[in-house]
There are 2 protein chains.
Amino acid sequence: METNWLTKDELAAWVRLYTVVELLPNVLDSQLRRDADLTSFEYYVLAMLSEAPDRTLRMTALAARTSATLPRLSHVVKRLEARGLMERFPCPEDRRATNARITDDGWRKILEAAPGHVANVRSHVIDALTPEQLGQLRGIADALLGKLDPDAAMAPLYRRHDVTA
Amino acid sequence: METNWLTKDELAAWVRLYTVVELLPNVLDSQLRRDADLTSFEYYVLAMLSEAPDRTLRMTALAARTSATLPRLSHVVKRLEARGLMERFPCPEDRRATNARITDDGWRKILEAAPGHVANVRSHVIDALTPEQLGQLRGIADALLGKLDPDAAMAPLYRRHDVTA
DNA sequence: TAAGGTTAGTTGTCGCAACAACAAACTTCG
DNA sequence: CGAAGTTTGTTGTTGCGACAACTAACCTTA
């Protein structure tokens, strides 16, 4: 099997993407850590709940929306529950299942954290790009997600605000 | 301070980028783990060394090229050294400094791991994009790196193959 | 040449993620 | 009905990354 090495242009694009993927999580995490004592994963767990009907989601659904495995989510939710930011209760319809709900404290926490997080995203990502590049980025990311997430397991996250027309 | 929330288009692009950033490391790591018993970070450490003159770099230079902090690199190198894939020796010019060099075993390891890694990158990233999108991606990533890496600390990595003209 | 400050690197501790093993509840089908 | 298999979620262990504290060496400048 002959290796199909990357061309110069492919390598240039790839290495830059790789570097972005390496640096971006740090930028997000350190701001949220500092200003709200949340990891970016915890932030998105709370954010997904805050958007859900009744501020409630089943663990499996929440795991899908945050690209987490169930064990990982379980640990994180336990910590957030200990901090009073969310709560769990058995699902009435399916006694195997657990519902996760954001508490009022969690709601306040996310409201208070959101502006700083958005400002951070804006200054590091959005403002760096022209409107044209923003559209290109959406197309590129969609193409990549087709390969990275072939079952569209995370589609509820990244397609949640699409127009249905 | 009024929050400047994201527009619908900005949010769409951002959420997709975020999802890619969340999923991509897993795709890279699991292939390298499985096929070569290396994390993607370890792979790039060895790869940077294999490209360096005399297959050697000072720890600080290696840290810059891999976006690692010095403590992190130190731990990782200790493990790679224990596995015989690289070695450290004092720098003659500056007795504070340590040189890191890839061993013959490490060289063989990276040669053996590269084809699978490249094939993985190709199938999950490169092949998902049109040539036009590949060029756009490079421009977008460059713009982002201007914000994420303002001091261009990682430039030796992502600019290493640029044409000098 | 000696003191203050900076740079290079290592080590120790803590927290989180991955993985595997497990328990409990649902579902299917003979 | 009941046994096999699947889905849902939790827990325990292991390993890596972040951060802080530390040592050692270099570089000023008085």
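Order of the sequence lines fixes the chain letters, A, B, ..., with proteins taken first and strands second; residue numbering starts at 1 for each chain. Atom set for the values below is all heavy atoms of this structure, side chains included, hydrogens, waters and symmetry mates excluded. Note that the structure is predicted; figures quoted are calculated from it, not measured.
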*Considering heavy-atom distances to DNA chain D, does R79(B) or R72(A) have its closest nucleotide positioned more toward the 5' end?*
R72(A)
*Assign each of M59(A) and N26(A) to its nearest nucleotide of DNA chain D by heavy atoms, then name whichever residue's nucleotide is nearer the 5' end.*
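Looking at the nearest nucleotide for each, M59(A) comes out on the 5' side.
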Counting side-chain heavy atoms from CB outward, which of [options] is closest to [X]?
{"X": "P71(A)", "options": "dA25(C), dT11(D), dT10(C)", "result": "dT11(D)"}
{"X": "D94(B)", "options": "dC26(D), dT8(D), dA18(D)", "result": "dC26(D)"}
{"X": "F41(A)", "options": "dC26(D), dT10(C), dA17(C)", "result": "dA17(C)"}
{"X": "R95(B)", "options": "dT8(D), dA25(D), dT10(C)", "result": "dA25(D)"}
{"X": "T98(B)", "options": "dG9(C), dC16(C), dT8(D)", "result": "dG9(C)"}

*Between S30(B) and S74(B), which is nearer to the 5' end of DNA chain C once each is assigned its nearest nucleotide?*
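The answer here is S74(B).
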In whole Å, what is the span from the [atom1] atom of [X] to the [atom2] atom of [N]?
{"X": "R33(A)", "N": "dC19(D)", "atom1": "CZ", "atom2": "C1'", "value": "11 Å"}
{"X": "K78(B)", "N": "dG17(D)", "atom1": "NZ", "atom2": "P", "value": "13 Å"}
{"X": "L23(A)", "N": "dA18(D)", "atom1": "CG", "atom2": "P", "value": "11 Å"}
{"X": "Q31(B)", "N": "dA18(C)", "atom1": "CD", "atom2": "P", "value": "17 Å"}
{"X": "L73(A)", "N": "dA18(C)", "atom1": "CG", "atom2": "P", "value": "12 Å"}
{"X": "L62(A)", "N": "dT8(D)", "atom1": "CG", "atom2": "P", "value": "14 Å"}
{"X": "D29(A)", "N": "dC19(D)", "atom1": "CG", "atom2": "C1'", "value": "14 Å"}

_Closest approach of S123(A) to K147(B) (non-hydrogen atoms, all atoms of both residues)_ =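 So the two residues come closest at O-CD, 3.5 Å.
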*asked:* Measuring only between side-chain heavy atoms, which start at C-beta, is M86(A) closer than 4.5 Å to V45(A)?
replied: yes
_Using a strict threshold of under 4.0 Å (side-chain N to carboxylate O), is an ion pair present between D142(A) and R16(B)?_
yes
*Any N/O donor-acceptor pair, H75(A) side-chain to dG12(D) base, under 3.5 Å*: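 Donor-acceptor pair under 3.5 Å: yes.
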_Ring geometry between H117(B) and Y44(B) (parallel below 30°, tilted from 30 to 60°, perpendicular above 60°)_ =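 Because their plane-to-plane angle is over 60°, the rings of Y44(B) and H117(B) count as perpendicular.
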*Name of the residue among I102(B), L38(B), L80(B) meeting side-chain contact (heavy atoms from CB on, under 4.5 Å) with K109(B)*: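 Running side-chain contact (heavy atoms from CB on, under 4.5 Å) over I102(B), L38(B), L80(B) with K109(B) returns exactly one hit, L38(B).
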